[in-house]
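The structure appears below as structure tokens.
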Amino acid sequence: MCPRGVSRMKCLYRVYLVFAYYFAISVFLVVSFCVNLLCLIVGLIPGARRLRYCLRSVLQFLFRRWACFLGVIRVLNLRTPPKTHKKEKDGEIWVMNHPSLLDGSYLLKFVTNGFCIYKREIGGNPLYGATVKLADYIPNIGGADMVRMACDALARGEDLIIFPEGTRSTKVNLDNFRPGFALIAKRSKALINVMWMESPEDFITRDVPFWKVPKLTAHIVISQINRIDPTALKSVEMIMEAVKQSYRDR
């Protein structure tokens with residue numbers, strides 16, 4: 001029975017969206033698990049680390065097809081900047097707010113040869129652990145080693161994707177920004193692309209579990225709001241403040 005005042009067609013469409021959402025989540029989980037299992041097996045081969053660039057290309061392809069699939073079934077309308085070009089040197093830093101569980105996949109969809117700094121506990125996750133290791137992403141171990149590895153990767157032309165708050169947050173709290181990205185920018189002299197994502201507050205956020213159906217179709221727009229040259233700023237604190245000001249002014 002449809003609610004009073006709602007046409008049968010609208011009622012059927014709502015039922016379809018619920019089914020499509022759960023189907024999309026199931027596809028994501030199954031594909032993630034299969035890719036992770038394959039990476040776990042391949043990772044046992046000596047010299048498998050040399051496949052990291054190939055794996056990153058595969059992941060970008062999958063994320064682009066994933067976004068297209070979500071659009072076709074009307075679960076998500078995602079708009080992002082154009083796909084970037086691969087660099088031989090002088091990679092850039094991409095920082096963005098982080099309200100959703102899928103934000104990393106949105107960025108990797110258009111940032112070519114991007115790498116992430118991930119939480120150490122993700123290394124044992126059955127959906128991502130082996131994948132992030134074989135893709136040669138950097139664990140959030142803190143300290144000089146993490147900064148050095150990130151700077152080395154940027155020097156090779158790889159692009160760093162990082163969330164300044166370090167965790168999901170539906171509402172950006174500038175006081176929670178961590179200095180890691182600013183320290184990496186200062187040492188590497190890499191340009192900082194400040195991104196902003198407009199996202200529904202109920203679409204796979206920290207406050208709403210993924211199994212709860214959000215309002216559909218969801219609309220997400222990622223745009224660049226600033227581009228900062230860290231060499232023009234004297235300290236890590238000034239770099240952090242420049243990024244924070246970008247979010248205040250958006």
Side-chain angles (χ1 to χ4, degrees), residues 63 78 80-81 84 90-111 113-123 128 132 135 137-155 158-201 203-207 220-250:
F63 287 137
L78 174 64
T80 66
T84 64
D90 299 330
E92 300 180 2
I93 299 173
W94 300 75
V95 301
M96 191 178 77
N97 56 317
H98 189 19
S100 166
L101 183 65
L102 300 177
D103 297 340
S105 67
Y106 301 151
L107 286 169
L108 288 169
K109 168 184 174 292
F110 68 91
V111 178
N113 197 21
F115 71 99
C116 304
I117 294 178
Y118 65 91
K119 293 182 179 179
R120 280 184 291 180
E121 52 265 31
I122 290 180
Y128 310 116
V132 297
Y137 295 160
I138 299 175
N140 184 16
I141 55 178
D145 287 341
M146 183 188 75
V147 174
R148 176 185 53 78
M149 288 188 289
C151 289
D152 288 346
L154 286 162
E158 301 172 28
D159 283 347
L160 170 61
I161 292 172
I162 189 168
F163 303 108
E165 290 181 276
T167 187
R168 282 185 294 159
S169 178
T170 305
K171 300 290 186 181
V172 172
N173 186 343
L174 300 179
D175 293 333
N176 288 343
F177 276 28
R178 300 180 180 181
F181 78 93
L183 180 58
I184 293 169
K186 186 64 177 175
R187 294 193 178 180
S188 67
K189 301 180 181 180
L191 293 171
I192 302 174
N193 299 286
V194 185
M195 314 300 292
W196 179 259
M197 185 174 78
E198 289 287 348
S199 175
E201 295 186 2
F203 193 78
I204 318 181
T205 62
R206 177 181 289 276
D207 301 326
I220 292 178
V221 179
I222 298 177
S223 55
Q224 184 168 338
I225 59 176
N226 201 359
R227 187 171 168 87
I228 299 171
D229 183 356
T231 62
L233 302 170
K234 295 181 179 180
S235 66
V236 170
E237 290 74 18
M238 291 180 68
I239 295 174
M240 288 187 65
E241 183 56 32
V243 173
K244 290 180 180 180
Q245 192 61 47
S246 298
Y247 286 119
R248 295 189 191 104
D249 295 340
R250 64 175 174 80

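Remark: the Arg206 side chain and the Thr167 side chain contain an N/O donor-acceptor pair separated by less than 3.5 Å. If you check the side chains of Arg227 and Asn193, you find a donor sitting under 3.5 Å from an acceptor. A donor-acceptor contact closer than 3.5 angstrom links the side chains of Thr231 and Asp229. For the residue pair Trp94 and Glu92, no side-chain donor N or O sits within less than 3.5 Å of a side-chain acceptor on the partner.
For the atom pair Leu102 CG and Ile204 CD1, the distance stands at 4.0 Å (nearest 0.5 Å). In this structure, the separation between CD1 on Ile93 and OG on Ser188 is 4.5 Å, given to the nearest 0.5 Å. Between the CG atom of Asp145 and the CE atom of Met149 there is a distance of 6.0 Å, given to the nearest 0.5 Å.
His98 and Phe163 have parallel rings, their planes meeting at less than 30° on a 0 to 90° scale where 60° marks the start of perpendicular.
The closest side-chain heavy-atom distance from Pro179 to Met240 is below 4.5 Å. Residues Ser246 and Ile228 are in side-chain contact: their nearest non-hydrogen atoms beyond the backbone lie under 4.5 Å apart. The closest side-chain heavy-atom distance from Ser223 to Thr80 is not below 4.5 Å. Side-chain atoms of Arg250 and Glu198, non-hydrogen and from C-beta on, do get closer than 4.5 Å to each other.
Glu165 contributes no side-chain N or O that, together with a main-chain N or O of Arg178, makes up a donor-acceptor pair within less than 3.5 Å. Using a distance-only test at 3.5 Å, with no hydrogens or angles considered, a donor-acceptor pair links the side chain of Tyr247 to the main chain of Met195.
At a threshold of 4.0 Å, the pair Arg248-Glu241 counts as salt-bridged, since one of the basic side-chain nitrogens sits closer than that to a carboxylate oxygen.
For the residue pair Leu233 and Met238, the shortest heavy atom distance occurs at CD1-O, 3.8 Å.
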Worked verdict on Ile138 versus Cys116 for side chain to side chain contact (heavy atoms under 4.5 Å, CB included): CA-CA 6 Å; Ile138 299 175; Cys116 304; over 6 Å; no
Side chain to side chain contact (heavy atoms under 4.5 Å, CB included) assessment of Leu108 paired with Ile161: CA-CA 8 Å; Leu108 288 169; Ile161 292 172; 3.5 Å; yes
Audit row: Tyr137, Ile117, side chain to side chain contact (heavy atoms under 4.5 Å, CB included) steps and yes/no: CA-CA 6 Å; Tyr137 295 160; Ile117 294 178; over 6 Å; no
